[in-house]
There are 2 protein chains.
Amino acid sequence: MVKRTSFEGDDCPIARSLEQIGDWWSLLIIREALFGVRRFGEFQGKLGMAKNILSARLRALVDHGILATAPASDGSAYQEYVLTPKGRGTFPVLVALRQWSEEFDDRPEEIATILVDRAKGRPVKKLELRAEDGRLLGQGDTMLKPRPVPRRRSAG
Amino acid sequence: MVKRTSFEGDDCPIARSLEQIGDWWSLLIIREALFGVRRFGEFQGKLGMAKNILSARLRALVDHGILATAPASDGSAYQEYVLTPKGRGTFPVLVALRQWSEEFDDRPEEIATILVDRAKGRPVKKLELRAEDGRLLGQGDTMLKPRPVPRRRSAG
DNA sequence: CTTGTGTGGTTGCATTATAAAACCAGATGC
DNA sequence: GCATCTGGTTTTATAATGCAACCACACAAG
């Protein structure tokens with residue numbers, strides 16, 4: 001088979017997440033959804049993507065439990081696509097991507113928006129990775145360990 | 001033209017970052033690079049990907065300033081691919097993806113590794129988004145604002 | 001310097017995904 | 001009932017992906 005390699009059974013959590021949201025459109029669909037977009041036509045209009053692709057992506061996102069379909073809130077017989085908790089959980093990913101662009105993009109002046117604290121209207125700080133004791137961690141302060149095997153009562 | 005839509009001129013920073021690292025392989029290549037992988041064959045062996053695809057991806061990553069080529073450190077005439085600061089700046093993105101998998105994956109028991117604080121060997125905390133004054137922010141506590149136009153001396 | 005082997009790719013071909021546009025069914029509006 | 005809008009599916013063309021084969025150069029042995 002020559003189909004696109006799937007990371008579904010991979011043991012790397014990054015590969016596993018890319019399997020679900022690692023394509024060109026999914027994260028943009030989720031981004032719109034986070035800002036309240038719910039209807040097919042609304043996604044299509046905002047993102048300017050082909051309808052068949054949008055259709056396929058929405059179905060995949062629903063299959064992965066990132067979006068769920070719901071009856072339209074305006075009383076019409078159409079349906080809507082709403083984020084599940086898993087879908088809303090992608091927010092840090094989107095923030096990380098945004099901040100990476102803001103910091104390293106070659107033409108940052110083309111970036112149209114900034115993410116601000118709603119209460120104060122001030123830009124948010126960079127995402128912080130901390131240790132259990134609160135120390136700020138960079139990449140070099142971390143390492144990977146094998147996941148501990150979950151304890152089973154049978155073995156004692 | 002029917003080619004894959006490019007987000008290069010898009011004004012959304014998320015789209016812009018996806019343009020550079022939003023494909024299936026780039027982030028995995030960067031992940032390996034963060035763990036010290038530098039040689040073509042080493043990437044190919046660890047990721048199990050086709051060599052032509054790897055070749056194309058490495059070239060694109062170099063073009064985008066995420067990787068740089070350097071003479072091999074072992075004295076041989078071959079070259080190596082090393083992360084630039086921009087490349088190392090993707091670390092929060094990878095952490096966010098990892099944590100999303102850890103929290104929402106349907107089969108988390110298949111995840112082989114955990115990210116730990118090197119000093120203590122303890123798992124890291126979840127990425128935190130904070131306001132300037134230190135308040136912890138969720139998605140609902142944020143909003144997008146138009147980017148302020150940079151001040152130019154000529155017009156003023 | 002000739003042969004052999006490993007590294008680091010490129011090329012060719014089959015398959016799959018993406019894109020645009022045409023088409024279509026059901027809901028809605030008049 | 002007829003036109004139109006919404007939310008798709010189908011059709012067809014092009015681009016990306018994946019595998020395998022091939023190739024060039026570095027390096028080593030004889």
Side-chain angles (χ1 to χ4, degrees), chain A residues 1-10 15 18-29 32-33 36-64 67-82, chain B residues 1-10 15 18-29 32-33 36-64 67-82:
Chain A
M1 284 194 296
V2 215
K3 68 173 304 186
R4 179 140 86 183
T5 55
S6 165
F7 303 125
E8 198 176 344
D10 202 290
L18 289 177
E19 174 69 24
Q20 300 198 21
I21 55 174
D23 70 277
W24 294 86
W25 289 112
S26 293
L27 278 171
L28 295 177
I29 291 171
E32 294 302 327
V37 171
R38 293 162 160 247
R39 295 287 280 262
F40 185 96
E42 213 179 349
F43 284 111
Q44 208 256 321
K46 297 229 180 195
L47 293 171
M49 65 191 293
K51 296 200 291 182
N52 52 347
I53 307 293
L54 175 58
S55 180
R57 284 287 159 275
L58 288 174
R59 209 172 316 145
L61 290 169
V62 169
D63 284 349
H64 284 128
L67 292 175
T69 53
S73 52
D74 64 353
S76 76
Y78 298 117
Q79 65 176 353
E80 294 183 341
Y81 297 90
V82 296
Chain B
M1 284 194 295
V2 213
K3 69 174 303 185
R4 182 142 83 183
T5 54
S6 164
F7 304 125
E8 197 176 345
D10 201 292
L18 290 177
E19 174 70 23
Q20 300 196 22
I21 54 174
D23 71 276
W24 294 85
W25 290 112
S26 293
L27 279 172
L28 295 177
I29 292 170
E32 295 302 326
V37 171
R38 293 162 160 246
R39 294 288 279 263
F40 185 96
E42 213 178 350
F43 283 111
Q44 208 255 319
K46 296 228 180 198
L47 292 172
M49 64 191 293
K51 296 201 290 184
N52 54 347
I53 308 291
L54 175 58
S55 179
R57 284 289 160 272
L58 288 173
R59 208 173 316 146
L61 289 169
V62 169
D63 285 349
H64 284 129
L67 292 175
T69 54
S73 51
D74 65 355
S76 76
Y78 298 118
Q79 66 176 353
E80 294 182 342
Y81 298 90
V82 296

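Since this is a predicted model, take the numbers as computed values, not measurements. Note on naming: letters A, B, ... go to the chains in the order of the sequence lines (proteins, then strands), and numbering restarts at 1 for each one.
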Full working for side-chain contact (heavy atoms from CB on, under 4.5 Å) between A:E19 and A:D10: CA-CA 9 Å; A:E19 174 69 24; A:D10 202 290; over 6 Å; no
D:dG7 base / A:Y81 side chain donor-acceptor hit below 3.5 Å: no
Contact list for DNA chain C against residues 36-51 of chain A - heavy-atom distance below 4.0 Å: A:A50
Residue B:N52, side-chain heavy atoms: nucleotide from D:dT6, D:dC19, D:dA26 that is nearest: D:dC19
Donor-acceptor pair, side chain of B:E80 and main chain of B:T69, under 3.5 angstrom: no
Whole-Å distance separating the CZ atom of B:R59 from the C1' atom of D:dA16: 14 Å
B:I29 CD1 to C:dG8 C1', straight-line distance once rounded to whole Å: 15 Å
pair B:M49-B:F43: side-chain heavy atoms closer than 4.5 Å: no
Global bending angle along the helix from C:dC1-D:dG30 to C:dC30-D:dG1, which compares the axes of five pairs at either end, to 10 degrees: 20°
side-chain N/O A:Q79 vs D:dG8 OP1/OP2, d < 4.0 Å: yes
Nearest-Å distance for atom pair CH2/P, residues B:W24 and C:dT16: 15 Å
Plane angle bin for A:W24 and B:F7 - parallel if under 30°, tilted between 30 and 60°, otherwise perpendicular: tilted
B:R57 vs B:D23, side-chain contact (heavy atoms from CB on, under 4.5 Å): CA-CA, chis, key distance, verdict: CA-CA 9 Å; B:R57 284 289 160 272; B:D23 71 276; 2.7 Å; yes
Separation of atom CG in B:L58 from atom C1' in C:dT7, rounded to whole Å: 14 Å
Under 4.0 angstrom between A:S76 side-chain N/O and C:dA27 OP1 or OP2: no
B:Q79 vs B:F40, side-chain contact (heavy atoms from CB on, under 4.5 Å): CA-CA, chis, key distance, verdict: CA-CA 9 Å; B:Q79 66 176 353; B:F40 185 96; over 6 Å; no
Euclidean distance, atom CD1 of residue B:I53 to atom P of D:dA16 [Å, nearest integer]: 11 Å
Any A:S55 side-chain N or O less than 4.0 Å from OP1/OP2 of D:dG8: no
Whole-Å gap separating C1' (C:dG9) and CG (B:L54): 9 Å
Closest heavy-atom pair and its distance - A:Y78, A:R39: CD1-NH2, 3.3 Å
C:dA19 OP1/OP2 closer than 4.0 Å to side-chain N/O of A:W25: yes
Under 4.0 angstrom between B:R57 side-chain N/O and D:dT17 OP1 or OP2: yes
Minimum-distance nucleotide (side-chain atoms of B:Y78 versus C:dT7, D:dG18, D:dC5): C:dT7
Heavy-atom pair with the smallest gap, counting every atom of A:L61 and A:Q20: CD2-O, 4.3 Å
Trace of the side-chain contact (heavy atoms from CB on, under 4.5 Å) decision for A:I29 with A:V37: CA-CA 9 Å; A:I29 291 171; A:V37 171; over 6 Å; no
